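Encoded as structure tokens, the structure appears first; notes follow it.
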Amino acid sequence: MSDVASSALILGASGGLGSAMVAEFLNDPAIGQVVAISSKQYPAGLEEYRTAGKLVWLTSQHNERAMADVVDQLASYAGAFSRVCICHGLLHSDTLWPEKRLEDLNGSALQDIFYSNTVVPALWLKLLFKILKGQNPCIIATMSARVGSISDNHLGGWYAYRASKSALNMILKTAAIEYGRRAKNVKFIAFHPGTTDTALSKPFQATVPTGKLFTTEFVAERLAIIMDSAEIDGELSYLDWDGQSIGW
Ligand SMILES: NC(=O)c1ccc[n+]([C@@H]2O[C@H](COP(=O)([O-])OP(=O)(O)OC[C@H]3O[C@@H](n4cnc5c(N)ncnc54)[C@H](OP(=O)(O)O)[C@@H]3O)[C@@H](O)[C@H]2O)c1
């Protein structure tokens, strides 16, 4: 492991946005090392970074025991992460689909969506506390979504996904308050990437207006800029890709 002073930690690193954040920080000379954690094995194509020691790839399934085990492996990084991106999320799968009406609500789908979108990020915030607390500024950006905004909900539908992101925002707000007391070096951002070309958005891209479907590279660059300019203020900021605040 490493004692590099300014490292980046990407959780959920195999997804469209997770892998783009890995690439963004690998190409950032201000970041000494990138630690990527994923349920998937190391992807082809990044070998040169791993050989050079800039990339460390660790695998962890999405359960608390496995997550705690991988956090144990990060002990030497205590105080070293200046950037953390939590990129987990689920909108659809072979067995679940966003609800259009009340009759579509399904208990096990609700639980699966809440687990991926709310529970997993919450567990990372618990397990990583001792690693992230320190003297150096640390910005944590978690992938939220504008549809998690209660005041912005004019269309309805997508019950589970919307509610899981609203609940995620409340977890982040509550964690920002507690970290603000116990780890004053940490700043929280709930981030809305905009509709981005990934597997998650693929089935819904046909209705996206021209020019409004972002590449993962564009969004990763935007988020890196937003993280660079974030102030350690003990607050949760709910921001879109353009750095604009979103109403709760
Ligand atoms: N794409 C968009 O248009 C868009 C818009 C708004 C918000 N977002 C949010 O951005 C985040 C990333 O989405 P994406 O577009 O990059 O999606 P994606 O390509 O489908 O990636 C999904 C990520 O979620 C993780 N994941 C998959 N199944 C999981 C499970 N059962 N439990 C916990 N984690 C699981 C995976 O992490 P592993 O690497 O560990 O497998 C993967 O990195 C999500 O929170 C999403 O809601 C995306």
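Each ligand, and each atom within it, is numbered from 1 in the order the structure gives. The residues of the chain are indexed from 1 along the displayed sequence. All values derive from a computational prediction rather than experimental measurement. What you see below is based on every heavy atom in this structure, not just the backbone, and it leaves out hydrogens, waters and symmetry mates.
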Does CG in Leu213 sit with more than 12 non-hydrogen atoms of other residues, nucleotides or ligands closer than 6.0 Å?
yes
Counting heavy atoms not belonging to Lys100, are there more than 12 under 6.0 Å from its NZ?
no
Flag for Ser93-Thr95: side-chain donor and acceptor within less than 3.5 Å
yes
Parallel, tilted or perpendicular: ring planes of His88 versus His62, cut at 30 and 60 degrees:
perpendicular
When you look for protein heavy atoms under 4.0 Å from ligand 1, which residues do they belong to?
Gly12, Ala13, Ser14, Gly15, Gly16, Leu17, Ser38, Ser39, Lys40, His62, Cys87, His88, Gly89, Ser116, Val120, Met143, Ser144, Ala145, Tyr161, Lys165, Pro193, Gly194, Thr195, Thr196, Thr198, Leu200, Ser201
Can you check whether Phe204 and Trp158 have ring centres sitting under 6.0 Å from each other?
yes
Tell me every residue that passes ring-ring contact (aromatic ring centres under 6.0 Å, His included) with Tyr238, counting only those two or more places apart in sequence or in another chain.
Trp248
